[in-house]
Engineer: 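Quick one: this structure, given as structure tokens, is what I'll be asking you about.
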Amino acid sequence: MDLLFVVLSTLFVFVMLGNVDMLEMIYHASRQHEAWELDELVPSGVYLIMALCFFSFRRWHDVQTLSRLSEEQSLRHSITGYPNRRALDRLLLGKLRNTDFPLTLLMIDALGLRQATMNYGLSMGDELQEKIMQQVSAQLQPNELLGHWSSEQLMVFAPAISDDRRRELKQAISNLHISLTPDAPADIHFICVSVVVERREKLQLGLEQLEDALYLSHASYIRQN
């Protein structure tokens with residue numbers, strides 16, 4: 001819309017100035033009033049246009065940079081800096097290629113995080129979140145991505161890994177325990193479930209199965225403890 005306005009207004013000004021012969025008027029006025037240096041208006045105007053174009057490009061480049069930075073920040077968790085739910089949704093729904101399948105997804109529930117935050121305050125909760133992400137991330141290989149799925153749930157995105165690797169990773173995460181201090185009993189326990197999505201068309205169904213499996217595992221853990 002802005003471009004259309006610029007084009008139409010430029011055409012209008014061109015026609016209007018053509019009817020009044022603006023340059024001819026400036027030329028004759030400059031001959032009559034040499035001391036005013038009116039003939040320098042044209043080269044000065046050309047320079048002004050070039051300068052404005054340069055600074056407009058600079059401002060456009062700055063806006064593009066800020067836009068990319070804002071988008072990047074919107075895709076990261078504000079505390080840990082890991083990908084958030086929005087980033088994972090974009091990855092799962094828009095960035096996957098057929099070569100990424102079969103796709104292994106692991107959903108992790110960090111039990112005790114909410115209670116620890118309520119007991120010890122938000123700063124301790126933030127510290128625990130960072131510890132959780134660091135310890136889970138330490139179990140991953142370079143082609144596996146960890147992100148926040150919700151406030152207490154994490155998602156591991158692992159394209160085209162073997163069943164042995166999936167079981168190994170699931171067990172390693174389930175065995176993790178995090179304490180507030182080295183001498184304190186474990187405050188954070190992990191429940192980990194996984195699903196293998198064979199094709200892109202089955203992705204949404206796989207996510208639903210993953211959430212159902214996590215819910216059942218969470219309920220079973222509560223009954224046992």
Side-chain angles (χ1 to χ4, degrees), residues 67-114 125-126 128-178 186 188-225:
S67 177
R68 288 193 296 269
L69 179 61
S70 298
E71 182 178 10
E72 180 181 350
Q73 292 298 319
S74 71
L75 297 176
R76 293 188 176 275
H77 193 272
S78 59
I79 297 171
T80 66
Y82 281 79
N84 58 18
R85 175 70 173 268
R86 182 182 179 188
L88 293 178
D89 281 339
R90 179 177 296 188
L91 175 65
L92 292 172
L93 301 179
K95 300 296 185 180
L96 292 178
R97 303 179 300 272
N98 290 330
T99 55
D100 292 325
F101 292 88
L103 172 68
T104 297
L105 298 174
L106 290 86
M107 189 171 285
I108 306 161
D109 198 353
L111 298 175
L113 177 59
R114 181 179 302 174
D126 295 346
L128 280 173
Q129 286 195 61
E130 293 179 350
K131 285 185 177 180
I132 288 171
M133 300 305 287
Q134 290 170 2
Q135 292 205 22
V136 174
S137 181
Q139 311 301 318
L140 304 183
Q141 294 179 352
N143 64 327
E144 298 163 355
L145 175 68
L146 173 66
H148 294 267
W149 191 249
S150 66
S151 58
E152 296 181 3
Q153 295 174 355
L154 314 177
M155 173 79 78
V156 174
F157 167 84
I161 65 173
S162 65
D163 288 340
D164 289 341
R165 170 59 185 163
R166 177 174 62 86
R167 287 190 290 268
E168 174 191 343
L169 180 57
K170 182 178 174 181
Q171 187 63 44
I173 293 174
S174 298
N175 291 338
L176 289 175
H177 301 287
I178 296 179
I188 307 298
H189 302 267
F190 295 92
I191 296 176
C192 184
V193 296
S194 64
V195 67
V196 178
V197 181
E198 298 293 338
R199 302 189 309 275
R200 180 191 294 271
E201 295 77 14
K202 299 291 186 179
L203 180 58
Q204 189 60 43
L205 177 61
L207 290 173
E208 294 173 0
Q209 293 173 342
L210 196 61
E211 291 184 341
D212 291 342
L214 186 64
Y215 173 79
L216 293 175
S217 298
H218 189 277
S220 176
Y221 179 89
I222 292 177
R223 286 196 300 269
Q224 295 174 5
N225 295 272

Engineer: Measure the CG-CE distance between L214 and M155 for me, rounded to the nearest 0.5 Å.
Structural biologist: 9.5 Å
Engineer: Evaluate the criterion side-chain contact (heavy atoms from CB on, under 4.5 Å) for residue pair L106 and K170; output intermediate values, then yes/no.
Structural biologist: CA-CA 7 Å; L106 290 86; K170 182 178 174 181; 4.2 Å; yes
Engineer: Where is the tightest heavy-atom contact between I132 and A110, given as atom of each residue plus distance?
Structural biologist: CD1-CB, 3.9 Å
Engineer: Would you mind reporting whether E168 and Q139 have side-chain heavy atoms less than 4.5 Å apart?
Structural biologist: no
Engineer: What's the shortest heavy-atom distance between V193 and S217, and which atoms?
Structural biologist: CG1-OG, 3.3 Å
Engineer: Could you tell me the separation between the CG atom of L203 and the CD atom of E198, rounded to the nearest 0.5 Å?
Structural biologist: 12.5 Å
Engineer: For the residue pair D163 and R167, establish whether any side-chain heavy-atom pair is separated by less than 4.5 Å.
Structural biologist: yes
Engineer: Nearest 0.5 Å please: distance from the CE atom of M133 over to the CG atom of L128.
Structural biologist: 13.0 Å
Engineer: With a 4.5 Å cut-off on side-chain heavy atoms, are L113 and L111 touching?
Structural biologist: no
Engineer: Just one of L146, L105, L140 clears the side-chain contact (heavy atoms from CB on, under 4.5 Å) bar with F157, so which one?
Structural biologist: L105
Engineer: Please walk me through it: do L145 and V156 pass side-chain contact (heavy atoms from CB on, under 4.5 Å)?
Structural biologist: CA-CA 6 Å; L145 175 68; V156 174; over 6 Å; no
Engineer: Would you check if P102 and V197 make a side-chain contact, meaning some heavy-atom pair closer than 4.5 Å?
Structural biologist: no
Engineer: Under the ring pair (Phe, Tyr, Trp, His ring centres under 6.0 Å) rule, what pairs show up with a residue in residues 130-153, not counting sequence neighbours?
Structural biologist: H77-H148
Engineer: For C192 and I108, which heavy atoms make the closest approach, and how far apart are they?
Structural biologist: SG-CG1, 4.0 Å
Engineer: Within the 3.5 Å criterion, strictly below it, is a donor on R166 or S194 matched to an acceptor on the partner's side chain?
Structural biologist: yes
Engineer: Could you tell me if the side chain of R76 sits less than 4.5 Å from the side chain of N84, heavy atoms only?
Structural biologist: no
Engineer: Within the 4.5 Å heavy-atom criterion, are E211 and E208 side-chain neighbours or not?
Structural biologist: no
Engineer: Distance from R199 atom CZ to L103 atom CG, nearest 0.5 Å?
Structural biologist: 13.5 Å
Engineer: Could you tell me whether a side-chain N or O of Q153 sits under 3.5 Å from a main-chain N or O of S150, the two making a donor and an acceptor?
Structural biologist: no
Engineer: Output the distance between atom NZ (K202) and atom CD (Q209), rounded to the nearest 0.5 Å.
Structural biologist: 9.0 Å
Engineer: How many angstroms lie between CD1 in I173 and CG in D109, if you round to the nearest 0.5 Å?
Structural biologist: 12.5 Å
Engineer: Taking all heavy atoms of L176 and all of F190, pick out the closest pair and write down the distance.
Structural biologist: O-CD1, 3.2 Å
